[in-house]
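Computed from a predicted structure; not experimentally measured. For reference, positions follow the sequence shown, starting with 1.
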Amino acid sequence: FYLYRFIDNFYKLYKNNFDPRLSECKSEIKKDLFSFFIDDMMKTANAYNQKLIIITFNLKEDLINKPSWRYNYIKNYLLDNNVSHIDSYKILKEKSKNDVKEINSYFGVDKHNNKKSFKYIVNELVKNYKAM
């Protein structure tokens, strides 16, 4: 049983160029769960007459290689449901102009966004907040 799982997992990684972000394992369940949470947050925000703003963050690998299937799904879902969305991928991709050295400067050693990238994202949030 364990040998089968190992071979199956190895094959799936091989198929996705050893990039686990690209795996579509249980993607329908993940999509349903995401939809449930966003719909619930929108319902709650509407009940309290509040504006919902979603900020999405991406991994460095999304900027260097290509985003996973999740990126387009989330972006389109938020757009289709008129949810205000601050897209950090779009912001950082535009700022970096595909320069890997610049992209690396947006992330700390723990692979999370750092002060520099947060500055760009917060500036976009403030700009959009003023427009509301």
Side-chain angles (χ1 to χ4, degrees):
F1 177 71
Y2 291 115
L3 179 62
Y4 169 76
R5 294 288 303 249
F6 172 77
I7 292 170
D8 185 49
N9 287 336
F10 186 81
Y11 172 73
K12 288 175 182 172
L13 279 171
Y14 177 76
K15 191 172 104 180
N16 290 316
N17 201 22
F18 293 94
D19 190 347
R21 297 173 309 113
L22 303 178
S23 171
E24 294 189 24
C25 178
K26 300 183 182 181
S27 63
E28 290 307 313
I29 294 170
K30 294 172 185 175
K31 289 176 183 179
D32 289 344
L33 188 59
F34 175 79
S35 303
F36 170 78
F37 281 116
I38 295 299
D39 292 346
D40 189 56
M41 286 189 286
M42 288 179 358
K43 191 185 319 176
T44 303
N46 287 335
Y48 291 103
N49 197 27
Q50 294 179 336
K51 183 79 173 165
L52 179 64
I53 302 171
I54 302 289
I55 302 174
T56 53
F57 296 92
N58 290 73
L59 299 169
K60 178 171 53 173
E61 288 77 12
D62 292 333
L63 294 164
I64 293 172
N65 298 320
K66 67 176 185 173
S68 71
W69 60 269
R70 293 168 184 84
Y71 173 74
N72 284 323
Y73 175 76
I74 291 170
K75 182 179 74 164
N76 292 333
Y77 189 87
L78 296 174
L79 183 65
D80 292 346
N81 288 284
N82 297 319
V83 177
S84 295
H85 175 217
I86 306 296
D87 185 354
S88 71
Y89 173 83
K90 182 179 166 187
I91 295 165
L92 298 178
K93 193 73 169 170
E94 186 177 292
K95 296 285 185 189
S96 71
K97 297 178 178 66
N98 291 327
D99 179 8
V100 174
K101 187 175 180 184
E102 184 66 20
I103 292 169
N104 284 329
S105 75
Y106 299 150
F107 298 90
V109 293
D110 65 352
K111 298 190 178 199
H112 286 90
N113 290 76
N114 63 19
K115 193 173 184 177
K116 181 178 182 178
S117 61
F118 276 123
K119 182 179 136 196
Y120 293 137
I121 296 163
V122 169
N123 287 343
E124 189 69 23
L125 175 63
V126 169
K127 186 171 76 175
N128 282 306
Y129 180 73
K130 287 181 181 180
M132 288 182 193

Side chain to side chain contact (heavy atoms under 4.5 Å, CB included) between Ile121 and Asn113, worked out: CA-CA 10 Å; Ile121 296 163; Asn113 290 76; 3.9 Å; yes
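- Atoms NE2 and CZ, from His112 and Phe57 in turn, are 10.0 Å apart once rounded to the nearest 0.5 Å.
- Leu33 belongs to a hydrophobic cluster with Phe36, Phe37, counting contacts under 4.5 Å between side-chain heavy atoms of Ile, Leu, Val, Met, Phe, Trp and Tyr, direct or through other members.
- To the nearest 0.5 angstrom, Asn46 atom CG is 8.0 Å from Asn49 atom CG.
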Evaluation steps, side chain to side chain contact (heavy atoms under 4.5 Å, CB included), between Lys111 and Glu61: CA-CA 10 Å; Lys111 298 190 178 199; Glu61 288 77 12; 4.1 Å; yes
Working for side chain to side chain contact (heavy atoms under 4.5 Å, CB included), residues Ile86 and Ile54: CA-CA 6 Å; Ile86 306 296; Ile54 302 289; over 6 Å; no
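- For Gly108 against Asn114, the heavy-atom pair with the smallest separation is N-CB, 4.1 Å.
- Contacts classified as salt bridge (charged side-chain N to carboxylate O under 4.0 Å, His left out) and involving residues 36-49 (residues at least two apart or in different chains) are not found.
- Heavy atoms of other residues, nucleotides or ligands lying less than 6.0 angstrom from NZ of Lys119 number 12 at most.
- Put simply, the side chain of Thr44 does not reach to within 4.5 Å of the side chain of Met41, judged on heavy atoms.
- Ring to ring, Phe118 and Tyr106 are not that close: their centroids are 6.0 angstrom or more apart.
- Here the closest non-hydrogen pair linking Ser68 and Asp62 is N-OD1, 3.8 Å.
- Minimum interatomic distance between Lys51 and Ser84 (heavy atoms only, all atoms of both residues): CE-OG, 3.1 Å.
- Between Leu59 and Phe107, the closest heavy-atom pair is C-CZ, 4.1 Å.
- The closest donor-acceptor contact from the side chain of His85 to the backbone of Val83 lies at 3.5 Å or more, if one exists at all.
- The other residues sharing a hydrophobic cluster with Leu3 are Phe6, Ile7, where clustering joins ILVMFWY side chains under 4.5 Å apart.
- Remark: Ser27 engages no residue in a side chain to side chain donor-acceptor pair (under 3.5 Å) (not counting sequence neighbours).
- Side-chain atoms of Asn104 and Ile64, non-hydrogen and from C-beta on, do get closer than 4.5 Å to each other.
- Expressed to the nearest 0.5 Å, how far CD1 of Ile74 lies from CD1 of Ile38 amounts to 8.0 Å.
- A 4.5 Å side-chain heavy-atom check between Lys75 and Leu79 finds every atom pair outside the cut-off.
- Separating the OG atom in Ser117 from the CG atom in Leu63 is a distance of 9.5 Å, to the nearest 0.5 Å.
- At least one donor-acceptor pair closer than 3.5 Å links the side chain of Asn76 to the backbone N or O of Asn72.
- Every pair tested for salt bridge (charged side-chain N to carboxylate O under 4.0 Å, His left out) that includes a residue from residues 83-100 fails, sequence neighbours excluded, so the list is empty.
- Of all heavy-atom pairs spanning Lys31 and Trp69, the tightest one is CE-CZ3, 3.7 Å.
- In the model, Tyr73 has a side-chain atom that pairs as donor or acceptor with a side-chain atom of Ser35 under 3.5 Å.
- Interatomic distance, Asn58 CG to Tyr71 OH, rounded to the nearest 0.5 Å: 7.0 Å.
- Residues that satisfy the side chain to side chain donor-acceptor pair (under 3.5 Å) test with Ser105, not counting sequence neighbours, are Lys116.
- Side-chain atoms of Ser88 come within 3.5 Å of backbone atoms of Thr56 as a donor-acceptor pair (strictly under, hydrogens ignored).
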